[in-house]
Amino acid sequence: MTIMKLIIGYLYGDLMNIYGDTGNIIALKKRAEWRGIGVKVKNISAGDKLKKGDVDIFFFGGGQDQIQELVAKDMGESGKGKVIKKEIARGVPLLAICGGYQLLGDFYNLHKGPKLPGIGLFPAYTLASRDRMIGNIVIESMFGRLAGFENHSGKTYLRKGLPLGMVIKGFGNNGKDQTEGCIYKNAIGCYMHGSLLPKNPKLADWLLKKALEVKYGKKVDLKPLNDTLELQARRQVFKKLKCG
Ligand code: GLN
């Protein structure tokens, strides 16, 4: 029996991690370890190099506009943006939240500042606005009903492609068209902090499964876990927002 191992790449983990984003890394790590899968978390930050196969799954959290400026510059200059795109093209999974999601689109147009270039992974662009979209959010998605917490002023518009889901309560991509997030290959971008994965275990397991399948080149079935507490936590959000 092969002992499976995963390397989680935490993109700019020291700079981009707000509203519980690191909880997503903890959820991925614990859910893998509870199944006997070894996990290493690697922070990939400004100035670091990244090459094919360095990590099996990417996570990119949120951050304030000033930090995003620095990170956008580094992704271009260090070549990491290009490598991330190539890795996603071969099926490596990724989850990006809010500020991270914005920088993986075409661009993020700051309010009082430059237009930050994105890496063009998601067919989307973001415009700063005067509205703050803040609060718990519930969406309907291919992973079922998901709960999270959003806090952003950037409004994201999909040029094409698939949203992660449709908003039931909250704002989502732009507070207008009811879409939330974007899916491309096995990469997901969205506005759901919170943390997202501890409360939405099906999504966490989808990312783990994809990572293992790409790494080991075979179909992987993950052992079910007891998710009573996780689902209870999520139900609390649904109850609070009176949606299910
Ligand atoms: N600075 C971005 C915005 O306000 C992202 C914030 C975040 O990551 N929560 O839209």
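All heavy atoms count here, side chains included; hydrogens, waters and symmetry mates do not. Both counts, for ligands and for their atoms, begin at 1 and track the order of listing. These numbers were taken from a predicted model, which means no experiment stands behind them.
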Any nitrogen or oxygen of [X] lying under 3.5 Å from a nitrogen or oxygen in ligand 1? Just yes or no.
X: Cys98; answer: no
X: Gln102; answer: yes
X: Ile97; answer: no
X: His193; answer: yes

ask   = Do you know which of Tyr101, Phe60, Tyr184 makes ring-ring contact (aromatic ring centres under 6.0 Å, His included) with Phe122?
value = Tyr101
Give the numbers and elements of all ligand 1 atoms closer than 4.0 Å to a heavy atom of [X].
X: Ile18; result: 7 (C), 8 (O), 9 (N)
X: Tyr19; result: 9 (N)
X: Tyr108; result: 1 (N), 2 (C), 3 (C), 10 (O)
X: Gly63; result: 1 (N), 2 (C), 5 (C), 6 (C), 7 (C), 8 (O)
X: Gly99; result: 5 (C), 7 (C), 8 (O)
X: Asn151; result: 6 (C), 7 (C), 9 (N)
X: Gly62; result: 8 (O)
X: Arg132; result: 4 (O)

How long is the span from the [atom1] atom in [X] to the [atom2] atom in [Y], to the nearest 0.5 Å?
X: Leu229; Y: Arg234; atom1: CG; atom2: CZ; value: 13.5 Å
X: Tyr108; Y: Thr156; atom1: OH; atom2: OG1; value: 8.5 Å
X: Ile119; Y: Lys82; atom1: CD1; atom2: NZ; value: 11.0 Å
X: Arg31; Y: Asp227; atom1: CZ; atom2: CG; value: 4.0 Å

Would you mind checking which non-hydrogen protein atom is closest to [atom], with the distance to 0.1 Å?
atom: atom 4 (O) of ligand 1; value: Ser153 N, 3.1 Å
atom: atom 1 (N) of ligand 1; value: Asp65 OD1, 2.4 Å
atom: atom 10 (O) of ligand 1; value: Gly154 N, 2.8 Å

key: Part of Met16 within contact of ligand 1 (heavy atoms, under 4.0 Å)   = neither
query = For ligand 1, which part of Tyr191 has a heavy atom less than 4.0 Å away: the side chain, the backbone, both, or neither?
reply =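 The answer is neither.
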Under 3.5 Å donor-acceptor, Glu180 side chain and Tyr191 backbone = yes
message = Please check this pair: side chain of Asp106 against backbone of Pro123, looking for a donor-acceptor N/O pair closer than 3.5 Å.
response = no
query = Are side-chain heavy atoms of Lys199 and Arg235 found at a separation under 4.5 Å?
reply =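 Answer no - side chains too far apart.
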Residues Lys202 and Asp205 bridged, charged N to O under 4.0 Å = no
query = Do you know which of Leu207, Leu50, Leu104, Leu95 makes side-chain contact (heavy atoms from CB on, under 4.5 Å) with Phe58?
reply =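 So the option named by the test is Leu50.
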Test item, Glu150 contacting ligand 1 (heavy atom, 4.0 angstrom) =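 Flag not set, Glu150 not near ligand 1.
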task = Quick one: closest heavy-atom pair of Lys80 and Asp74, and the distance?
result =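 For Lys80 versus Asp74, the nearest heavy atoms are NZ-OD2, 2.7 Å.
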